[in-house]
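From a predicted model like this one, the values you see are computed outputs, not experimental measurements.
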Amino acid sequence: MPGGRLTQQERRRIAAGLAERLSYAEIARRLDRPTSTISREIGRNGGPGGYRPEQAHRATERRARRGTPAPPSGAGVPADAAQAEVVEMAVRMGLPRMTARVLIDLLLSETGRLSAAELARRLRVSPASVSTAVTYLIQQGMIRRERDQRRRRDIYVVDDDTWYHAMVTSSWQTLEAAAVTMAAGETAGLDTPVGRRLAGAGAFLERISLDTLESAERWRHLMPMPPAPAPAPEVGSGREVRPGP
């Protein structure tokens with residue numbers, strides 16, 4: 001029944017849905033359950049990458065024997081389950097899973113600034129996994145690296161206009177690919193099938209990239225703007241400028 005506890009068979013179907021990379025909403029639809037039920041079930045039992053139906057069923061039985069109260073009706077989706085669903089969306093869009101986890105964790109952090117050690121601790125992964133992910137994100141213009149000189153560590157920062165930088169970086173990379181493709185087409189000969197195919201692909205990529213760059217500039221004002229720097233004191237104002245603490 002949609003309002004009752006999940007059965008072991010339903011949990012196996014949830015695991016099968018995750019293996020097929022179905023969205024939480026699609027799994028819920030196939031089970032005739034609310035999406036929030038599926039999100040809570042996966043979030044409290046290892047997340048999408050660690051969900052095991054038998055273990056989840058045994059854990060639920062243990063909670064029931066201890067008399068753990070069920071979440072109140074209408075309770076919101078837990079933060080970890082909601083975050084897991086956003087990660088799944090990023091994976092479906094093409095990001096490697098660990099890279100998506102690092103990006104989403106940075107985006108959802110209070111300051112948007114975390115060290116590699118903090119990311120590894122929050123995600124419960126190895127520092128090497130974080131290192132690979134942040135390298136990719138920096139290359140794509142989605143985050144940037146700052147140096148904390150006092151503690152001698154790198155800080156990874158996601159800016160308010162991270163999507164602008166990501167779109168621009170991706171477009172310039174595609175423009176480079178377009179130029180190489182068109183040059184290959186000319187080398188093959190524009191009067192040959194291969195040459196025409198390459199030239200057409202390069203022209204398409206070039207036009208799409210230029211349109212994206214133009215659109216990114218046109219709509220950049222929709223992104224939050226960084227705070228303006230404090231004005232410098234006027235020369236001759238008689239005020240002494242002292243270094244900060």
>> Going by side-chain contact (heavy atoms from CB on, under 4.5 Å), name the residues that satisfy it together with Ala177, two or more places apart in sequence or in a different chain.
In response: none

> Excluding sequence neighbours, so at least two apart, what forms salt bridge (charged side-chain N to carboxylate O under 4.0 Å, His left out) with Glu110?
Replying inline: none

> Tell me, which pairs form a salt bridge (Lys or Arg N to Asp or Glu O under 4.0 Å) where one or both residues lie in residues 89-100, sequence neighbours left out?
Replying inline: Glu88-Arg97

> Do you know the tightest heavy-atom contact between Glu10 and Leu31?
Replying inline: O-CD1, 3.9 Å

>> Filter on salt bridge (Lys or Arg N to Asp or Glu O under 4.0 Å), then keep only pairs touching residues 118-139, sequence neighbours left out; what's left?
In response: Asp105-Arg122

Using residues 131-139 as the side-chain source, report each donor-acceptor pair under 3.5 Å to any protein atom, sequence neighbours left out, with the distance given to one decimal.
residue	atom	partner	partner atom	Å
Thr132	OG1	Ala128	O	3.2
Thr135	OG1	Ser131	O	2.8

> Shared ILVMFWY cluster between Val157 and Val130, side chains joined below 4.5 angstrom?
Replying inline: no

> If you take all heavy atoms of Ala100 and Val91, which pair is closest and at what distance?
Replying inline: CB-CG2, 4.0 Å

>> On a heavy-atom basis, which atom in Leu190 and which in Gly195 lie closest, and how many Å separate them?
In response: CD2-O, 4.0 Å

>> Can you list everything that forms a side chain to side chain donor-acceptor pair (under 3.5 Å) with Arg21? Sequence neighbours excluded, please.
In response: none

Could you list the donor-acceptor pairs under 3.5 angstrom formed between side-chain atoms of residues 203-212 and any protein atom two or more places apart in sequence or on another chain?
residue	atom	partner	partner atom	Å
Arg207	NE	Asp211	OD1	3.3
Arg207	NH2	Asp211	OD1	3.1
Ser209	OG	Leu205	O	2.8
Thr212	OG1	Ile208	O	2.9

> Any salt bridge between Arg12 and Glu54, counting N to O under 4.0 Å?
Replying inline: yes

> Stepwise, does the side chain to side chain contact (heavy atoms under 4.5 Å, CB included) test hold for Arg30 with Leu22?
Replying inline: CA-CA 10 Å; Arg30 294 188 179 189; Leu22 300 179; 3.5 Å; yes

> Does a side-chain heavy-atom distance below 4.5 Å link Tyr24 with Ile14?
Replying inline: no

> What residues, two or more places apart in sequence or in another chain, satisfy side-chain contact (heavy atoms from CB on, under 4.5 Å) together with Val194?
Replying inline: Ala188, Thr192, Arg197, Leu198

> Can Val168 be reached from Leu95 by stepping across I, L, V, M, F, W or Y side chains whose heavy atoms are under 4.5 Å apart?
Replying inline: no

> Rounded to the nearest 0.5 Å, how far apart are OG1 of Thr7 and CZ of Arg5?
Replying inline: 12.5 Å

>> Looking at every non-hydrogen atom in both residues, tell me the closest pair between Ala56 and Glu41 and how far apart they are.
In response: CB-OE2, 3.4 Å

> When rounded to the nearest 0.5 angstrom, what distance separates OG1 in Thr37 from CD1 in Ile27?
Replying inline: 12.5 Å

>> I need the Arg13 CZ to Glu20 CD distance, nearest 0.5 Å.
In response: 10.5 Å

>> Suppose the criterion is salt bridge (Lys or Arg N to Asp or Glu O under 4.0 Å): which pairs have a residue in residues 125-151, not counting sequence neighbours?
In response: Arg113-Glu146, Arg144-Glu146, Arg144-Asp159, Arg145-Asp154, Arg147-Asp154, Asp148-Arg153

>> Among residues at least two apart in sequence or on other chains, which ones pass side chain to side chain donor-acceptor pair (under 3.5 Å) with Arg152?
In response: none

> Is Met167 atom CE crowded by more than 12 heavy atoms from other residues, nucleotides or ligands, each under 6.0 Å away?
Replying inline: no

>> Test of understanding: clusters of I, L, V, M, F, W, Y form through side-chain heavy atoms closer than 4.5 Å, transitively. Do Val180 and Met182 belong to the same one?
In response: no

> What are the two closest non-hydrogen atoms of Ala201 and Thr181, and how far apart are they?
Replying inline: CB-CG2, 4.2 Å

>> Taking Ala166's backbone N and O only, do any of them form a donor-acceptor pair with Ser170's side chain (distance below 3.5 Å, no angle check)?
In response: no

> Can you list the residues that meet the side-chain contact (heavy atoms from CB on, under 4.5 Å) rule with Glu217, with sequence neighbours excluded?
Replying inline: Tyr164

> Rounded to the nearest 0.5 Å, how far apart are CG of Leu18 and OG of Ser23?
Replying inline: 10.0 Å

>> Just verifying a value: how many Å separate Glu26 CD and Ile38 CD1, rounded to the nearest 0.5 Å?
In response: 11.0 Å

>> If the condition is side-chain contact (heavy atoms from CB on, under 4.5 Å), which residues does Trp163 pass it with, not counting sequence neighbours?
In response: Leu103, Leu107, Met142, Met223

>> Using 0.5 Å steps for rounding, measure from the CG atom of Asn45 to the CG atom of Leu6.
In response: 9.5 Å

